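Structure first, commentary second.
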Amino acid sequence: MKQFKIAALAGDGIGPEVMREAIQVLRATEKTFGFKLEITEAAVGWAGIDQAGKALPDATLALCRASDAILFGSVGLPDRDPTIPKEERPERAALLRIRKEFGLFANLRPVHLPKALAHACPLTAERQGGGIDILVVRELTGGMYFGQPKKTEDIPGGRRAIDTMVYTTPEIERIAHVAFQAARLRRKKLTSIDKANVLENGILWREVVTRVGRQYPEVALDHMFVDNAAMQLMLRPTQFDVLLCENMFGDILSDEAAALAGSLGMLPSASLGAASGESTFGFYEPAGGTAPDIAGKNLANPIAQILSAALMLRHSFALHDAAVAIEAAVTTAILAGNRTGDIFNPLEAGARKVGTREMGGAVVAAVHR
Ligand code: NAD
């Protein structure tokens, strides 16, 4: 029987509430699909500071190193102890540290708007077509955010700020492989985003992605300038399957695409490191944060956390059937009218306002069915 080790780091705010539901859903698939998950929970964020004096306690980091994947909630509570310096606060001391430690270079953000939630989308029904289903693959460790030189200096008559956009062929190749492999599991269409009309980086990006694409003849590849892509996402989002972006373009376009789904509570994400054999170490978390305004009240939508667990099964453990089953179970729970506050519209016929636990329970029941 296949076995996998998971570090479950719920973190702060709504983290523990939504993690609890995701673990229950994982346990349900374990029985149905016949694999074993060793899930160990550990403290991170303010919970780590309270327990061990550090946002990423040594024991938590050791657990992550000994695991096949990290299922993460979210960290950070803006109102807690303002005297703690920002380097020691959870967002930097835990999140950035983990990204660096595990070389997480590929960020995957699926944006799926089920037809039943059409009301949550800011676009007209006509523009939503048969439903929006896009995967944004963003390079996470290169480009403008990390290139050197990066500085602000005095010059005669004022100051000058310099950021440098740098990509090497291997960096583009490895993220392109991630995107093509993801496209192969979806509708087999990849749109690579660049600015090849203006940037040297864009020309190299397009060349390398085209070359890598020859290894994936079953995936249809096209290229689009980033400014056009920003517009097309609003005008005709249904044309996209997988969008492949460098770091900064992906940062912007993934948030634009996320707006199409209407609520942060619906959006999972995956950050992947290098693959070794069949498995890939990954870090899986909801797109939203700790939502302190609704924490501890059974109000949070657990779907982003549950879908993050599905991404983990797919991308780190290659358990594709179980991942699909979780995604289908989420759709079933939505179609049955279950709505947490963030996706509830009192005018929607058949919609029923439910809490975190009820929504999680509806997904578990649908997995068992
Ligand atoms: P947030 O994402 O926590 O909340 C923004 C809004 O979305 C809130 O109204 C919240 O109630 C709502 N929301 C978010 N997730 C939801 C869910 N699952 N169900 C229903 N509603 C949901 O962003 P914020 O308020 O700007 O940040 C709060 C804290 O979270 C900050 O400390 C921030 O640094 C941290 N944060 C952490 C992560 C992370 O751990 N990866 C990501 C973003 C923000």
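Remember, it's 1-based here, ligands and their atoms both numbered in the order they're listed. Computed from a prediction, not measured in an experiment: that's the story for all the values here.
Polar contact check, S74 against ligand 1: no nitrogen or oxygen pair lies under 3.5 Å apart. Here's the thing with A300: none of its N/O atoms is less than 3.5 angstrom from an N/O atom of ligand 1. In terms of N/O distances under 3.5 Å, ligand 1 is not approached by G265. The distance criterion of under 3.5 Å between nitrogen or oxygen atoms is not met by S263 with respect to ligand 1.
Ion pair R80/D12 not flagged as a salt bridge, since none of the NZ, NE, NH1 or NH2 atoms sits closer than 4.0 Å to an Asp/Glu carboxylate oxygen. E173 and R211 are joined by a salt bridge, as a carboxylate oxygen and a charged side-chain nitrogen come within less than 4.0 angstrom of each other. Between E348 and R339 a salt bridge is recorded (basic side-chain N to carboxylate O distance below 4.0 Å).
Close contacts of ligand 1 with E91, meaning ligand atoms under 4.0 Å from a residue heavy atom, involve 31 (C), 32 (O), 33 (C), 34 (O). Heavy-atom proximity to L77, at under 4.0 Å, picks out these atoms of ligand 1: 32 (O). Listed by number with element, the atoms of ligand 1 under 4.0 angstrom from any heavy atom of L95 are 39 (C), 40 (O), 41 (N).
Of the protein's non-hydrogen atoms, the one nearest atom 21 (N) of ligand 1 is I294 CD1, 3.6 Å. Shortest contact from atom 12 (C) of ligand 1 to any protein heavy atom: A291 CB, 4.4 Å. At the top of the distance list for atom 44 (C) of ligand 1, counting protein heavy atoms only, stands G289 CA, 3.4 Å. When hydrogens are left out, the protein atom nearest atom 35 (C) of ligand 1 is V75 O, 3.3 Å; that is the closest non-hydrogen contact.
If you check each of A304, P292, G76 against atom 28 (C) of ligand 1, the one with the closest non-hydrogen atom is P292. Looking at L264, D12, T356 and measuring to atom 5 (C) of ligand 1, the nearest heavy atom belongs to L264.
For the atom pair CD1 of I70 and CG of L63, the computed distance is 8.5 Å after rounding to the nearest 0.5 Å. One distance of note links CG of L135 with NE2 of H112; it measures 12.5 Å at 0.5 Å rounding. N301 contributes atom CG, which lies 8.0 Å from atom CD1 of I306 (distance to the nearest 0.5 angstrom).
Under the 4.5 Å side-chain criterion, counting only non-hydrogen atoms from C-beta, R138 is not in contact with R109. Residues L37 and R27 form a side-chain contact, since some pair of their non-hydrogen atoms from C-beta on lies under 4.5 Å apart. In this structure, the side chains of M312 and F4 stay at 4.5 Å or more apart for every pair of heavy atoms. Looking at D133 and R187, their side chains come closer than 4.5 Å, going by heavy atoms from C-beta outward.
Under 4.0 Å from ligand 1, the heavy atoms of I14 that appear belong solely to its side chain. Looking at N301 against ligand 1, both its backbone and its side chain come within 4.0 Å, counting heavy atoms. Contacts between Q305 and ligand 1, counted as non-hydrogen atom pairs separated by less than 4.0 Å, are absent for every part of the residue.
Of the protein's heavy atoms, at least one falls inside 4.0 Å of atom 41 (N) of ligand 1.
Distances shorter than 4.0 angstrom do not occur between any heavy atom of V18 and any atom of ligand 1.
Closest non-hydrogen pair, T340 versus P302, comes out as CG2-CD, 4.2 Å.
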